[in-house]
There are 2 protein chains.
Amino acid sequence: MVAAMVTTGTRERLVTTAQRLFASQGVGPTSPRQVLEASGVGQGSLYHHFPTKHDLAVAAVGATVEQALTAARRDLEGDGSGDPGGGVEALDRVVAYVTRPREALAGCKVGRLTSDQAVMDDDGLRDVVTAYFVRLLAAVTATLREAGLPADAARDRAHAAVAVVQGGYVLARATGDEDAMRAAVRGFVALLAPEARR
Amino acid sequence: MVAAMVTTGTRERLVTTAQRLFASQGVGPTSPRQVLEASGVGQGSLYHHFPTKHDLAVAAVGATVEQALTAARRDLEGDGSGDPGGGVEALDRVVAYVTRPREALAGCKVGRLTSDQAVMDDDGLRDVVTAYFVRLLAAVTATLREAGLPADAARDRAHAAVAVVQGGYVLARATGDEDAMRAAVRGFVALLAPEARR
DNA sequence: GTCTATATGTTGATAGAC
DNA sequence: GTCTATCAACATATAGAC
């Protein structure tokens with residue numbers, strides 16, 4: 001337990017470098033060679049820590065998913081006062097989630113992977129992506145239930161909220177205009193919470 | 001003009017085969033070799049009609065975009081009666097567009113290309129994708145204006161509508177559940193047109 | 001744990017005969 | 001217009017010394 005954290009420097013550099021390259025160009029188009037060159041480690045070193053590209057991808061995509069989920073939960077769980085109504089209203093927390101500033105032109109680090117054949121053809125990687133969206137949808141649905149919506153409506157609107165964000169990324173990248181995402185989110189929020197206090 | 005249509009058999013087979021392969025696995029991961037083998041033509045034949053992969057991709061993606069835009073306009077332009085209010089109400093045509101049955105698990109043939117590095121790194125291909133979404137958003141915006149919305153609201157809600165469809169594809173692929181798209185669309189339509197006649 | 005050298009397949013494209 | 005043969009570069013590793 002004590003010694004377990006000592007020798008992870010190279011491994012962590014490989015993972016964070018892979019996360020960055022995967023985010024900018026996808027998993028399929030990123031070669032192990034690119035990762036090791038950008039990390040400044042040798043070939044044998046990469047293959048020592050990650051025998052296959054799959055192993056490296058699971059580590060990097062897993063880390064990215066955890067970070068994204070943590071950020072979403074920060075928005076959705078409010079101030080953690082544990083006092084119902086004491087923090088930000090539930091509906092406003094969903095609005096906070098969908099309106100959070102995003103690097104729209106870069107695309108969603110996780111959502112983009114659903115179009116990455118190297119990811120979708122790999123059972124282990126696809127499961128990581130699936131788990132992210134299942135958990136994210138569950139968190140948004142729970143917050144909308146807290147806001148007083150019945151189960152079916154909460155589920156459908158949670159799907160719509162997450163879809164607007166994902167589609168906003170697509171529109172921003174397609175048009176080369178990061179305001180396209182903001183327009184999509186504005187259009188949705190105007191319908192979901194016309195009185196949103198912001 | 002008369003002779004121009006005679007010798008296009010092989011070329012068209014290459015284009016439709018490329019469209020199919022691009023739709024199922026993306027442009028980047030599809031090799032010219034795969035296209036010619038699936039088409040049943042020889043190597044020299046492909047490179048005679050399309051000197052580079054770029055040329056083939058422009059032809060195939062261009063054809064896919066035209067087909068997708070035609071389908072969207074069929075939904076959005078109503079019955080073509082030219083009689084304002086004589087056909088389907090404008091708002092219901094937008095509802096018809098977002099609710100049209102889609103192969104959610106396959107992903108959007110055009111939207112998926114925004115995550116395809118081979119497309120986004122190629123100026124000519126990216127322009128084709130950009131033009132598709134610009135024209136689609138314009139068509140949805142125009143229909144919402146027709147429904148009586150002011151310009152800003154029409155623009156924002158059009159972005160939201162297209163984003164929900166694109167995000168619906170992402171959710172369906174990510175979760176492996178084609179009902180995820182239907183849930184997103186239901187959630188959006190319930191807000192956009194609570195009284196939607198369907 | 002890290003290094004250099006090497007292996008094997010695939011990619012996008014070209015050459016030149018028919 | 002179509003064919004077979006070939007190519008240089010790159011992808012994903014593997015081998016084995018240090």
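Just so it is clear: chains get the letters A, B, ... in the order the sequence lines come, proteins before strands, and each one is counted from 1. These numbers come from the heavy atoms of this one structure, side chains and all, not from hydrogens, waters or symmetry mates. Quick caveat: nothing in here was measured; it's all calculated off a predicted structure.
The CD-C1' distance, from A:Gln25 to D:dA11, rounds to 13 Å in whole Å. Atom pair B:Glu37:CD and D:dT4:P shows a separation of 11 Å (rounding to whole Å applied). To the nearest angstrom, P of C:dG1 lies 13 Å from CG of A:Leu14. Protein atom CZ of B:Arg13 is 13 Å distant from nucleotide atom C1' of D:dG1, rounded to whole Å. Residue A:Leu36 contributes atom CG, which lies 9 Å from atom P of C:dC3 at whole-angstrom precision. When rounded to the nearest whole Å, the span between CG of A:Leu56 and C1' of D:dA11 equals 14 Å.
A salt bridge does not link A:Asp152 to A:Arg155: none of the charged nitrogens lies less than 4.0 Å from a carboxylate oxygen. Taking the charged nitrogens against the carboxylate oxygens, A:Glu146 and A:Arg93 do have a contact shorter than 4.0 Å, which makes a salt bridge.
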#### Entry: Reading 5' to 3' through nucleotides 5-18 of chain C, protein heavy-atom contacts under 4.0 Å coded B for base, S for sugar-phosphate only, - for none
B-----BBBB----
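Screening residues 55-68 of chain B for salt bridge (Lys or Arg N to Asp or Glu O under 4.0 Å) gives B:Glu66-B:Arg135 as the qualifying pairs, with residues at least two apart or on separate chains. Residue pairs that meet the salt bridge (Lys or Arg N to Asp or Glu O under 4.0 Å) test with at least one member in residues 110-121 of chain A, sequence neighbours left out, do not exist here.
Counting heavy-atom neighbours within 6.0 Å of A:Asp179 CG, excluding the residue itself, gives a total above 12.
Between D:dT2 and B:His49, a contact under 4.0 Å exists linking OP1 or OP2 to a side-chain N or O. Contact check, B:Thr10 against D:dT2: a side-chain N or O comes under 4.0 Å of OP1 or OP2.
Residues B:Leu136 and B:Leu149 share a hydrophobic cluster, clusters being chains of Ile/Leu/Val/Met/Phe/Trp/Tyr side chains in contact below 4.5 Å.
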